[in-house]
Each structure stands twice: as structure tokens, then as C-alpha cells.
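Heads up, the thing below is written out as C-alpha cells.
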Amino acid sequence: MISAGIDVGAKNVKVVLLRDGEVVSRSFETIGLNTQAAIDGAFAAALRQIGAGRGEISKITATGAGRKEVKFADGELTEVGASAKGVHHLFSSACTAIDVGAEEGRAIKVDEKGKVLDFAVNEKCAAGAGAFTEAMARALEVGVEKMGELSLKSRTAVPMNAQCAVFAESEVVSLIHAKTPKEDIARAVHDAIADRIVSMARRIGIEKDVVVVGGLAKNAGFIDSIKRTLATDVLVPQYPEYAAALGAALHAATPTGGQ
Amino acid sequence: MSTEFWRWTEYRKTMPGADWREAALLTAGVDVGSVSSQAVIMADGKLYAYSSMRTGSDSPRSAQNAMDWALEGTGLTLEKINYTVGTGYGRVNVSFADRAITEIACHARGANFIYGPSVRTVLDMGGQDCKVIRCDEKGKVTTFLMNDKCAAGTGRGMEVFADLLQIPITEIGGKSLDIDEEPKPVSSTCVVFAKSEATGLLRSGWPKNKVIAAYCAAMAHRVVSLLERVGVEKDFAITGGIAKNVGVTSRLAGELAIKPLETEYDTQLAGAIGAALFAHAITKKAKAGIK
């Protein structure tokens, strides 16, 4: 029996296929002009990886901000629910899940069974989301995937005064003009997002183990900043961007079948 | 080099028929904002000459440049000015100022001059912040609220959209009203999110005017929520650069159901005018004390 989880985020679609509780396929597509096309594309790619046809998928659960766009889903799960489920499956010791996507950041408190106890979400402001790093990478003229590596080279903490991504962009430009090394600016950027996210997480209370997922968790510089800000170690799975899609697939695999 | 759609024309003016040589008191106000700087020269408390320029990366120089330009062609020199007040975000960088006064106080005072003593609520929509100021009939501040943390609801946010849509910033207001049907606003909480929403709308075939209408509406909505926190008492007036954007002001008036006052004056001068008026009052008081 194969179940599918489809996570339609602000920027990318992520698909996870589970066969008898094991992940057998993962695929990813960036949403360009057409959300529908990205969903179909990512789903087809996931099926192709295991040579399965659509008919072989028993149940599909959709999650993410764009979950309503998955017309062929059997059921749906909120981002918070999916993320918590995925994180608990990956690390059963998790008490706090921090999930940072392109345009949203979430902190979720879960119990030992993976049940959501409390959560906080920022979907109003780019300062606590991946979009912030992207905007700053553009200002720095550095590929966004290089930002993590770059910031880890920094030995000097430079303060960043602006909270807003638009104002921070001007601040980054001023820092460049002042000949501040790019690695120090990159670190300042990650420290700024980490600060925002940790202060949001503190509202619900942070308990170990802390697991960080979402697209931004692939950025080692951001993880380093989170660790320093929290003054504790954190766990990051191998495929952090698929955590919510995994949670949705797990939901689809339950006896109630993704309803 | 590509066209910079956010860029507006800098300007200066000497009021026709005015002569500084006939004045007993010459004062100046210099408002160094995060985006633009203005210098205003007053002769006996009346507007004599002014300039408005883009603030460069060097605030002290921006203050000096604005002042030099306001003086240009008048035969007047800085030494002849009795008293100068600096205001705005860069007020401590006005090296030739005798005193610095906050932009909150100066905007209220300036709005009182521009719009008259009936003004009780001033909305200042600046380059990187937005303020709601309540004041009395003398232009004295009674309370205020400010957003300087976030670009939503500021001129800088509008510049981002001018660049995105490639519409000169001064034409945005007019174009935003040239639409068939009023669209739903884009995100009013974050310019970055509004921009990504707008990019999607453009791709889906929305005309530019409709997209800019959706942003003007978002900006108006954002500012209204700030206004509501302080409470709006009539008369209501808008100062700062966005006051010149009819796309935002008309939607703001609609949502608030209060019509803002109108003026012939340049609304971007409010801070500098207020500063020059403070300079005038300070000098007059000092002179009276001596006599």
C-alpha cells in the first residue's frame, strides 16, 4: 500500500510517498506560473521514481498554504499538524518543532505521542521567514544556497538594526559600502532571522529536544545561528524540507485514510 | 543604466514677491529624513524659500546640500539666518543647526501652518516610517503613534512597487484609479509578501494599473489600522510624500469615511516648515527677553 503526502508551500511543492510506512520517494517542484502544474509535476515525478502508476496510490493527504489546490487529495491536514506529525516520526524525542518555510515560520510544542500542545505562527512578516534570506542574498549578490556556507566563515558579529526585510536590504547595501566582509553580513542576516524565530518560539516555551525543519533548515548558517540564540543543540533531519509532506503521507497511511 | 522609477525630481523655489531684506527675523528648518531632505527658509515666520532633495548616504552632506540649494539665487547666506532648527531622522547631523527638535513636534507644527489651526489629527507618511499625531489648535502634540519597524505603509514600500511595475512613482496614484473595478488588496502586513503576490497577479494577466490599485488599497488599509489605534479626530490632514499619492489618499479617505484637508503647499515640507517655525518662536522669545 502506497500513501502520498503533498505539501503545497508558498514557493515549492513537496511530495513524499510511503510504502508500508517507509519513505520510497521524494520530489520537489518550484511553483512558477501555475500552482496546479507544479503539483501535477511533483506528484508525477514522485511516482516515476518508483515506477508506480496513479492507481497504485491508496490515499493522498494535502497540506501547506496551498493545500486546497490539490483537487485529487482524499484529505487534508494543517501545516502545523503535518509538520508535528513528520517531526515526531523523524525524532520521537522531539518536544519543540521549528519549521521555517519561504513565507512562514512556525514553532510547535508536541507531546511524547506527537500530539500538538501549542503553536505560534508568523505568516505576516518576511523578517522571520526564508524570503528574508533570499532578499538579503540578492542584495549581497550571493546565491541563496551559498549563504549558509558563507556565514559559517564569519568570526565577527555585526549587528543588524532593521527588522523589516525592505529596510534590512538597504542596511546590507550600507554594510557592503562600509567594506564589511560578506561572511559577516551573511551571519548577521541569519542571526536576525534566528532571533525573530526564537522569540516567537519562546512564546510557547522551548523544551528539548528541539527539531528544526522546513526549507531554511538546509541552511547550515541559519542552524548555527539558531543554536547560538537558543544556547542549545538542535536536531535537523536529512531532508528537512520534506517534514510536512512526510507528516501528510503518514496521515494518509492511517486507517482512517487521510480523511 | 536602467531607469529608476522610484526617483522623483528634486526641486527648489523662492516664493514670488518675497524679499528677505525686508524681514526682521530670518529662520530656517532642515528636515533630514531617511529618504528625502528639505530645507525651508522663513522671513518673519512666512515661507520664503525651500528645497527638497534625496537624502544621500551621508546625512551631514545632505543637510548642507539642501540648505545651500534653498539659499541659491536669493543673495542670502547662511550667516544671515538668525536661527536654524534641525529635525527628522538625521537631525543630529545638521551641523549648522542651533538646535534639534523631534520630527513629531515639527510635523504637528508644520501641519498647523499648512492646513490651519483646525487640524487635530496628522498622518505623516514618510519614506521609512509612518506616524499618527494628535495635536491641539496651536499645533502642539497631545499624543502620537509611530511605525518605523516595517516598510508596509511607508514611501519605501511604494518605491519597491514603482520599480516592480516600472511606473514612475509620481504617476502611481493616478494610474491606480484608472481601473474598471476595485481589486482586493494584496498583503497589507509585509511589502515582501505583497511583492511576491503582485508578481503572481502580473503573471496571471492582471494589468499594471489593477496591481498598483491593489497595493494602494493595501497601504491605505495598513495605515487605517494605525490611525484607529490612536483615534481620528477631525480635522484630519496628511503630510509627507505619500500625501501626494491620490491612489492612497482617496482609498484612505474612503475606508476612514473622513475626507482629509487639502492644501496648495507641498506636503513634504511639513517637517522643515515646523522646524523653521520653532526657530522663529525661539528667536522671538529670546529677543523679547533681552529687551
Side-chain angles (χ1 to χ4, degrees), chain A residues 8-12 30-38 65-66 69 100-105 121-139 144 160-180 189 192-193 195-196 199, chain B residues 4 6 33-36 54-59 61-62 89-90 93 126-130 146-164 185-206 215 218-219 221-222 225-226:
Chain A
V8 185
K11 206 175 166 206
N12 299 297
T30 299
I31 300 168
L33 290 169
N34 189 335
T35 310
Q36 219 65 55
E69 303 286 326
V100 190
E103 293 196 354
E104 208 171 309
V121 180
N122 161 38
E123 50 181 358
K124 294 227 157 80
C125 169
F132 187 83
T133 329
E134 273 181 27
M136 298 314 121
R138 263 199 306 277
V144 71
M160 185 107 147
N161 300 309
Q163 260 187 28
C164 172
V166 173
F167 297 161
E169 217 173 306
S170 317
E171 201 174 336
V172 165
V173 172
S174 306
L175 287 170
I176 295 170
H177 287 163
K179 308 247 183 308
T180 310
V189 166
I193 315 178
D195 192 54
R196 293 280 296 203
S199 55
Chain B
E4 293 168 302
W6 50 262
S34 53
V35 172
S36 69
R54 191 99 194 152
T55 301
S57 52
D58 182 349
S59 294
R61 225 157 93 214
S62 299
Y89 155 91
N93 291 320
Q128 288 203 10
D129 67 21
C130 182
M146 178 163 172
N147 160 37
D148 59 354
K149 294 261 183 291
C150 166
T154 69
R156 185 74 194 94
M158 198 50 94
E159 289 180 355
V160 168
F161 267 74
D163 269 354
L164 174 73
V186 288
S187 164
S188 62
T189 58
C190 179
V191 175
V192 175
F193 293 171
K195 193 179 161 189
S196 85
E197 248 182 89
T199 311
L201 294 173
L202 285 171
R203 282 176 182 164
S204 74
W206 277 35
Y215 186 67
M219 191 157 178
H221 183 69
R222 168 73 174 217
S225 59
L226 193 73

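First the proteins, then the strands, lettered A, B, ... as listed; each starts at 1.
Heavy atoms of B/Ser188 lying under 4.5 Å from chain A are absent altogether. Heavy-atom distances place the backbone of A/Glu123, and not its side chain, under 4.5 Å from chain B. Contacts between B/Thr199 and chain A at a heavy-atom distance below 4.5 Å are absent for every atom of the residue. Using a 4.5 Å cut-off between heavy atoms, A/Ser170 contacts chain B through its side chain alone, with no backbone atom that close.
Rounding to the nearest 0.5 Å places SG of B/Cys190 at 8.0 Å from CD of A/Glu103.
Residues B/Thr189 and A/Lys124 share a closest heavy-atom pair of OG1-O, 2.8 Å. Closest approach of B/Thr154 and A/Phe167 over heavy atoms only: OG1-CZ, 4.2 Å. Nearest heavy-atom pair across A/Cys164 and B/Lys149 is CB-O, 3.1 Å.
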From CA spacing to verdict: side chain to side chain contact (heavy atoms under 4.5 Å, CB included), B/Ser196, A/Lys11: CA-CA 10 Å; B/Ser196 85; A/Lys11 206 175 166 206; over 6 Å; no

